[in-house]
Amino acid sequence: MPNSARKPIVIVTRKLPDVVETRMRELFDARLNVDDQPMSQGQITEALKIADVLVPTVTDRIDRAVISQAGPQLRLIANFGTGVDNIDLDTARNRGITVTNTPGVLTEDTADMTMALILAVPRRLAEGAAYLKEHHAGWTGWSPTWMLGHRIFGKRLGIIGMGRIGQAVARRAKAFGLQIHYHNRRRVSQDVERELEATYWESLDQMLTRVDIVSVNCPHTPGTYHLLSARRLRLLKPSAYVVNTSRGEVIDENELARLIEAGAIAGAGLDVFENEPAVNPKILNSDRVVALPHMSSATVEGRIDMGEKVIINIKTFLDGHAPPDRVHPAMF
Ligand SMILES: NC(=O)C1=CN([C@@H]2O[C@H](COP(=O)(O)OP(=O)(O)OC[C@H]3O[C@@H](n4cnc5c(N)ncnc54)[C@H](O)[C@@H]3O)[C@@H](O)[C@H]2O)C=CC1
Ligand SMILES: O=CC(=O)O
């Protein structure tokens with residue numbers, strides 16, 4: 001723990017909203033990334049030799065090699081993000097380093113974008129918008145048999161991971177007339193099931209054979225890597241769509257791309273990718289995929305809320321209390 005004569009050194013790996021950076025400067029010896037250049041593994045390793053607190057984002061790989069070389073003064077990794085699959089939680093715990101994240105404040109924004117993808121893909125929204133931009137001069141107007149997508153209302157949505165975001169997606173989807181089905185590690189409360197009129201599937205395989213749209217909303221953990229494996233993707237109906245705003249690693253992306261190309265899956269809405277920032281070219285170039293650059297949580301309000309959460313976590317921890325968003329490896 002830093003001694004009281006100096007402010008704790010807080011190293012932030014990326015540019016944060018001005019209001020967040022200003023507050024960090026007031027409270028800490030904040031070393032900010034004003035140029036917003038992603039830090040290399042070498043730079044992060046060096047940072048951990050002097051930082052009391054590291055504030056990485058979800059694209060920084062805080063792995064065993066990096067954490068193992070941290071100085072003894074490093075006590076807290078306060079992730080600017082909800083997902084913590086970028087951090088080796090076991091190594092951090094073994095070295096007595098606390099990890100926090102920013103759950104909750106991104107829920108509604110991420111659910112909005114998930115719903116947007118659920119609507120956009122079957123209704124060919126991106127395709128239509130791109131067509132008009134490129135071909136407006138040759139467009140002959142409305143036509144009864146052109147640009148036909150598929151109806152959303154009445155279809156079955158299968159949510160994998162019925163946590164904060166999964167439930168927020170379900171609330172939106174229910175309002176659009178979708179029937180809610182879900183698979184989760186644990187069944188949610190009867191009150192929530194009743195509110196959402198949701199059907200629980202203990203067997204993910206069985207749920208996949210029955211739904212029209214799948215929404216992936218569980219975290220990426222060792223247990224969920226390729227949860228939508230090649231075998232499971234092949235259980236989907238050829239008319240089914242896959243939406244993923246969680247983490248790319250949860251889906252076998254190559255197989256998803258192959259099945260879409262082969263017409264064995266109708267399409268996908270993806271905000272996240274298995275080898276981010278690389279995107280499988282088949283995914284990128286398919287008319288039947290809406291691919292977004294990991295922007296489901298990207299709102300001005302959300303980023304400020306995340307910054308506030310990070311600051312509260314750091315301040316509470318440095319004041320000697322348990323930070324509100326402490327992450328335990330057992331949670332994942
Ligand atoms: N695209 C984006 O910008 C964003 C993506 N995310 C991602 O969304 C994820 C979910 O966030 P929250 O809903 O806040 O988390 P949460 O912890 O509230 O919900 C996750 C749910 O997944 C379930 N789950 C875990 N392992 C499972 C498994 N093997 N099978 C079935 N269910 C399983 C958990 O029981 C929990 O109910 C984050 O971990 C993050 O990766 C979060 C925010 C923004
Ligand atoms: O992907 C974003 C996050 O906060 O997790």
Side-chain angles (χ1 to χ4, degrees), residues 13-14 16 55-60 62 78-87 89 99-118 158-172 181-189 192-193 196 198 200-208 214-229 232 243-251 269-274 276-277 290-299 301-307 309-310 313 325-332:
T13 63
R14 296 299 294 265
L16 300 183
V55 180
T57 73
V58 297
T59 56
D60 297 309
I62 313 301
N79 205 36
F80 189 90
T82 299
V84 286
D85 54 335
N86 57 315
I87 301 170
L89 298 177
V99 176
T100 59
N101 67 342
T102 60
V105 291
L106 309 184
T107 299
E108 303 304 331
D109 297 327
T110 307
D112 282 344
M113 197 62 106
T114 310
M115 195 63 222
L117 289 170
I118 290 170
I159 296 174
I160 304 175
M162 194 67 140
R164 284 173 293 251
I165 297 171
Q167 290 180 31
V169 170
R171 283 192 188 94
R172 285 156 176 76
H181 296 253
Y182 77 97
H183 169 78
N184 199 49
R185 265 189 312 192
R186 280 179 292 278
R187 196 165 175 167
V188 300
S189 73
V192 172
E193 275 192 4
L196 299 170
Y200 172 64
W201 292 89
E202 190 175 348
S203 160
L204 175 57
D205 287 10
Q206 284 183 18
M207 183 178 89
L208 292 175
V214 177
S215 176
V216 178
N217 296 109
C218 61
H220 166 221
T221 66
T224 64
Y225 175 78
H226 280 197
L227 188 65
L228 282 187
S229 58
R232 286 207 171 108
V243 169
N244 187 5
T245 57
S246 163
R247 284 293 183 269
E249 290 90 336
V250 180
I251 303 181
L270 305 173
D271 182 48
V272 287
F273 305 94
E274 190 168 348
E276 237 172 272
V290 175
L292 299 176
H294 201 150
M295 55 186 275
S296 286
S297 71
T299 66
E301 296 86 344
R303 293 291 184 255
I304 292 172
D305 292 347
M306 289 169 79
K309 254 191 176 294
V310 166
N313 280 319
D325 303 310
R326 181 166 188 179
V327 171
H328 301 277
M331 289 160 78
F332 293 93

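Both ligands and their constituent atoms are indexed starting at 1 by order of listing. Just so you know, these numbers come straight off a predicted model, no measurement behind them.
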Check: Got T13 and V55 here, is their nearest side-chain heavy-atom distance under 4.5 Å?
Finding: no
With heavy atoms and a 4.0 Å threshold, my read on which part of R164 contacts ligand 1 is both
Contact region, N217 to ligand 1, non-hydrogen atoms below 4.0 Å, reads backbone
Check: Between N217 and M162, is any pair of side-chain heavy atoms under 4.5 Å apart?
Finding: no
Closest non-hydrogen contact found for T102 with T82 is O-OG1, 3.1 Å
If you compare H220, H294, R247 by their heavy atoms, the one closest to atom 5 (O) of ligand 2 turns out to be R247
From the list N184, L204, V250, N244, side chain to side chain contact (heavy atoms under 4.5 Å, CB included) with I160 holds only for L204
### Query
Can you list the steps and then say if E108 with R172 is a salt bridge (Lys or Arg N to Asp or Glu O under 4.0 Å)?
CA-CA 10 Å; E108 303 304 331; R172 285 156 176 76; 2.8 Å; yes
Near C218 (heavy-atom distance under 4.0 Å), the atoms of ligand 1 are 22 (O), 24 (N), 33 (C)
Under 4.0 Å from one or more heavy atoms of S296, ligand 1 contributes atoms 1 (N), 2 (C), 3 (O)
- Task: Kindly confirm or rule out an N or O of G83 lying under 3.5 angstrom from an N or O of ligand 2.
- Result: yes
Original post:
Do any nitrogen or oxygen atoms of I165 come within less than 3.5 Å of a nitrogen or oxygen of ligand 1?
Top reply: yes
Looking only at heavy atoms, the pair that brings V272 and S246 closest together is CG1-O, 3.5 Å
For T82, the atoms of ligand 1 under 4.0 Å from one of its heavy atoms are 14 (O), 42 (C)
Does this structure show an ion pair linking R187 with E193, if we count only N-O contacts that are shorter than 4.0 Å?
yes
For P219 and T224 the tightest heavy-atom approach is O-OG1, 2.6 Å
Checking heavy atoms under 4.0 Å, the part of L106 that sits near ligand 1 is side chain
among protein heavy atoms, the one nearest atom 44 (C) of ligand 1 is T110 OG1, 3.3 Å
For S297, the ligand 1 atoms with a heavy-atom partner under 4.0 Å come out as 3 (O), 44 (C)
So the atoms of ligand 2 within less than 4.0 Å of a heavy atom of G81 turn out to be 4 (O)
Ranked by distance from atom 37 (O) of ligand 1, the top protein heavy atom is N184 OD1, 3.0 Å
Report the relative orientation of the aromatic rings in Y200 and Y182; use parallel for angles under 30°, tilted for 30 to 60°, perpendicular for over 60°. tilted
When distances are taken from atom 19 (O) of ligand 1, the protein heavy atom at minimum range is G163 CA, 3.2 Å
Would you check if V84 and L89 make a side-chain contact, meaning some heavy-atom pair closer than 4.5 Å?
yes
Sub-4.0 Å heavy-atom contact, R186 with ligand 1 | no
Worksheet entry | Sub-4.0 Å heavy-atom approach of S246 to ligand 1 | yes
Correct closest heavy-atom pair for T57 and N86 would be O-ND2, 3.0 Å
Query raised in the report: Do D271 and ligand 1 have an N or O pair less than 3.5 Å apart?
Result: yes
The answer for which part of H294 has a heavy atom under 4.0 Å from ligand 1 is side chain
*Answer whether the closest heavy-atom distance between the side chains of I251 and V216 falls below 4.5 Å.*
yes
Per-atom filter on ligand 2: closer than 4.0 angstrom to a heavy atom of L106 are 4 (O)
Of H220, Q167, R185, the one whose closest heavy atom lies nearest atom 26 (N) of ligand 1 is R185
In ligand 1, the atoms that come under 4.0 Å of a heavy atom of M162 are 37 (O)
Next on the checklist: Within the structure provided, determine whether C218 and R185 are in side-chain contact (heavy-atom separation under 4.5 Å).
Outcome noted: no
Looking only at protein heavy atoms, what sits closest to atom 4 (O) of ligand 2 is T82 N, 2.7 Å
Atom 39 (O) of ligand 1 sits nearest the protein heavy atom P219 CB, 3.3 Å
Of all protein heavy atoms, the one nearest atom 29 (N) of ligand 1 is T224 CG2, 3.3 Å
Can you tell if the side chain of L16 reaches within under 4.5 Å of the side chain of R303, non-hydrogen atoms only?
no
Scanning both residues in full, the closest heavy-atom pair of V58 with G83 reads CG1-O, 3.7 Å
Residue, atom and distance of the protein heavy atom nearest atom 5 (C) of ligand 1 read T245 O, 3.1 Å
